[in-house]
Protein chains: 2
Amino acid sequence: MATLYDVCKKTGLSTATVSRVINGSGLVKEATRERVLKAMKELNYYPSHAARMLAGSKTDTIGVILPVIDNGYYVRVLRGIDVVSTRANLKLLISFYHSGSDLSDILSSLSGEGRADALILSNDTPLQPEQIRKLAGSDIPIALIGQKHEDQPAMDSVLLENFQGAGDAVKHLLEKGPKSLIVITGPEDNHDSQERLRGVRQAVADAACDVELVVLHGDFYHEGGRAVFEEYVKQSGAFPEAVFAFNDAMALGVLDVLNEASVSIPGDVQVIGFDNNEIAQYIGLTTVRVPMQKIGEEAARLVAERIKNKELPAESVLMETALVARKTTGNGASFSSPKM
Amino acid sequence: MATLYDVCKKTGLSTATVSRVINGSGLVKEATRERVLKAMKELNYYPSHAARMLAGSKTDTIGVILPVIDNGYYVRVLRGIDVVSTRANLKLLISFYHSGSDLSDILSSLSGEGRADALILSNDTPLQPEQIRKLAGSDIPIALIGQKHEDQPAMDSVLLENFQGAGDAVKHLLEKGPKSLIVITGPEDNHDSQERLRGVRQAVADAACDVELVVLHGDFYHEGGRAVFEEYVKQSGAFPEAVFAFNDAMALGVLDVLNEASVSIPGDVQVIGFDNNEIAQYIGLTTVRVPMQKIGEEAARLVAERIKNKELPAESVLMETALVARKTTGNGASFSSPKM
DNA sequence: TTACTAATTGTAAGCGCTTTCATAAAACAT
DNA sequence: ATGTTTTATGAAAGCGCTTACAATTAGTAA
């Protein structure tokens with residue numbers, strides 16, 4: 001491997017000058033610059049990332065922590081992060097987190113060992129107070145996705161208009177004047193889920209009608225949604241007239257149950273999900289669209305900016321949601337189950 | 001940030017000894033080891049990754065290049081890579097590649113700048129001969145997924161049993177004795193697609209029946225599959241009796257056309273895809289299962305092993321596929337379109 | 001006790017860059 | 001022509017580790 005010294009030798013210049021052209025820090029005569037560039041190409045020289053990191057104390061990489069969830073959601077978020085960070089010449093160091101793994105480990109190798117200049121923590125990567133304290137010490141910019149963090153240290157965050165989106169969904173459902181409305185939430189500690197529930201309650205209150213609102217606790221998984229809904233139906237002995245699952249996966253579980261019982265959708269029961277994932281689009285599930293890629297882009301933008309200027313005040317970006325009315329609430333052609 | 005020197009000062013030991021306990025290279029008295037560990041904890045010390053990289057010339061990270069495709073496929077592959085690399089204490093530096101981006105750039109920053117100890121190149125990241133030459137120079141282990149590379153430098157590869165899988169699909173289709181069979185391929189230069197086509201031809205020949213085989217050229221995308229099939233139907237003025245699309249996305253496109261024409265599936269037309277993606281599972285599309293996570297695991301295993309021992313001969317792993325018979329070929333409940 | 005081997009620990013030379021400060025050359029003004 | 005800026009380059013000190021190799025200490029057999 002050619003080193004900077006080889007380039008110096010070849011050009012007869014000092015390390016300082018060669019370093020300057022590598023970093024494009026101006027202050028170099030154009031002719032010299034070209035001479036160096038030529039030598040670099042001829043030697044097939046690439047600056048050692050390790051050395052630059054050590055000497056320059058910056059890594060040009062941003063650490064991303066994603067939950068281990070195989071659906072398309074986080075790929076899209078990741079893609080958004082990628083778009084913006086590629087543009088900013090930042091590489092992505094990615095770690096997956098699941099409840100069995102140790103977030104502290106991940107955090108210390110990313111920030112403690114100085115592998116990254118900034119961090120993006122996605123939903124479902126629960127920060128413990130102690131970890132936050134450590135992170136604060138390392139003072140590396142952090143952007144949170146779908147999580148809030150009000151105390152010090154200041155962290156940027158990208159949030160969803162959950163309240164609004166859930167409210168829209170409920171309003172849409174109530175248009176047909178159902179007697180009963182079931183919502184299936186995500187995990188209790190999930191911020192998105194909490195906000196959606198607030199939105200639901202508010203919308204129901206605002207509607208000033210007398211729907212019966214039942215809150216079922218789900219887990220954001222297909223099977224979980226199915227199970228909790230099935231259980232409810234068994235207990236109550238009847239189907240509700242409207243169901244709002246806090247994500248599409250669970251809504252799909254609800255549809256399973258409904259289809260197996262040959263209930264007409266949306267004739268007897270309306271169903272709405274949240275996310276607008278691939279299957280929802282495919283089968284015509286009414287849902288609330290979440291701008292996944294944009295979320296990633298915003299998160300990357302936030303940290304990229306903060307890397308340049310750490311003094312910026314923490315920013316919180318709210319991403320818009322939008323109701324997508326489809327067949328399961330009577331829009332478009334009628335729904336017919338893909339599973340029989 | 002505490003440095004190794006701080007730990008030395010605190011313990012009164014030399015950098016060599018402290019370094020030894022950090023690296024667990026034995027040769028340190030147990031009491032000393034504990035003393036150092038304690039000091040590290042108290043100082044909240046983490047070894048600088050940059051310094052270790054520079055001094056030790058290893059990065060403990062593996063570079064992964066994935067195509068920009070938002071479906072669940074590559075997340076699963078990535079997940080597999082993650083599982084194995086986490087176990088081997090390797091971090092993942094991920095780059096996305098799409099036809100507009102410059103692979104050379106990605107490769108040089110990953111291998112040329114020495115950011116990674118090894119590389120995993122996924123499908124659809126077409127290596128040009130010149131790039132390969134450069135990579136050879138850097139002699140960093142490389143594993144290819146879904147690509148073959150026979151010449152020097154030796155590269156590991158993880159391949160699919162495309163031939164077998166496609167053959168199985170065709171055999172399954174021919175059981176009902178269709179008069180005509182249409183296959184919709186992927187891009188012409190795609191290795192998987194080429195192999196699947198070989199498998200198809202072989203299976204048709206083996207069957208020794210007189211199906212008419214028509215090969216349509218697709219692109220692995222839903223819309224592309226739909227378009228090419230629609231065009232064919234228009235031209236020929238009739239529906240074939242069996243369709244084998246080389247991935248699920250295109251098969252879904254075919255189903256769209258069929259459903260819009262209210263053709264009975266599988267009564268009039270049987271359809272098979274390839275991949276076994278989420279939607280295929282959901283709607284009951286017969287398909288060929290691809291062990292995506294396992295593919296990632298194997299790729300990571302290969303490079304992890306080669307990092308330890310560069311002398312190992314290049315290895316080529318063949319991953320098994322398996323036919324999953326579902327409704328679109330008459331298994332399970334009859335198929336009914338999710339879109340009307 | 002003495003000589004010798006094994007187990008620990010220390011010394012110091014880098015790894016390949018960035019960057020501050022000093023110096024030299026060129027450009028300009030007087 | 002001389003002093004003053006401005007511009008271009010160089011010298012050298014680290015950045016925080018790893019790792020030969022040297023030195024010391026402990027352990028053992030004679």
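Side chains are part of it too, since the values below use all heavy atoms of this structure and drop only hydrogens, waters and symmetry mates. Every chain is numbered from 1 and lettered A, B, ... according to where its sequence line falls, protein lines coming before strand lines.
The residues Glu42(B) and Lys38(B) are annotated as salt-bridged, a charged nitrogen and a carboxylate oxygen being separated by less than 4.0 angstrom. Contact check on Asp156(B) versus Arg306(B) returns a salt bridge, with a Lys/Arg side-chain nitrogen under 4.0 Å from an Asp/Glu carboxylate oxygen. Between Lys308(B) and Glu305(B) no salt bridge is recorded (no basic side-chain N to carboxylate O distance below 4.0 Å). Contact check on Glu315(B) versus Arg301(B) returns a salt bridge, with a Lys/Arg side-chain nitrogen under 4.0 Å from an Asp/Glu carboxylate oxygen.
We find that CG of Asn23(B) is positioned 18 Å from P of dT8(C), with the value rounded to whole Å. In this structure, Arg20(A) places its CZ atom 11 Å from C1' of dC21(C), rounding to the nearest Å.
Comparing Thr3(A) and Thr15(B) by the nucleotide of DNA chain C whose heavy atom lies nearest to each, the residue mapping closer to the 5' end is Thr15(B). Projected onto DNA chain C by closest heavy-atom contact, Lys29(A) and Tyr45(A) fall at different nucleotides, the more 5' of which corresponds to Tyr45(A).
A distance-only check finds a donor-acceptor pair linking the side chain of Asp117(B) to the backbone of Asp60(B) [under 3.5 Å]. A donor-acceptor pair is defined here as one N or O able to donate and one able to accept, closer than 3.5 Å; no such pair exists between the side chain of Asn190(A) and the backbone of Gly186(A). Between the Thr61(A) side chain and the Arg115(A) main chain, a donor and an acceptor come within less than 3.5 Å of each other.
The shortest distance between the side-chain N/O atoms of Tyr5(A) and the OP1/OP2 oxygens of dG14(C) is not below 4.0 Å. Distances shown here put a side-chain N or O of Ser19(A) below 4.0 Å from the OP1 or OP2 atom of dT18(C).
Within residues 30-39 of chain B, the residues approaching DNA chain C are Thr32(B), by heavy-atom distance under 4.0 Å. The stretch residues 51-59 of chain B comes close to DNA chain D through Ala51(B), Arg52(B), Ala55(B), Gly56(B), each having a heavy atom under 4.0 Å from the strand.
At least one side-chain heavy atom of Ile145(A) sits under 4.5 Å from a side-chain heavy atom of Ile120(A). Annotation: side chain of Asp105(A) is not in contact with side chain of Leu107(A) (no heavy-atom distance under 4.5 Å). Between Leu92(B) and Asp82(B), some side-chain heavy-atom pair lies under the 4.5 Å cut-off.
Looking at heavy-atom distances under 4.0 Å, Ile22(B) makes no contact with the nucleic acid at all. Gly12(B) comes within 4.0 angstrom of sugar-phosphate atoms only, judged by non-hydrogen atoms across all strands, and of no base.
Read 5' to 3', the first and last nucleotides of DNA chain D with an atom closer than 4.0 Å to a heavy atom of chain A are dA8(D) to dG16(D).
Looking at Asn123(B) and Asp192(B), their side chains do bring a donor and an acceptor atom within 3.5 Å of each other.
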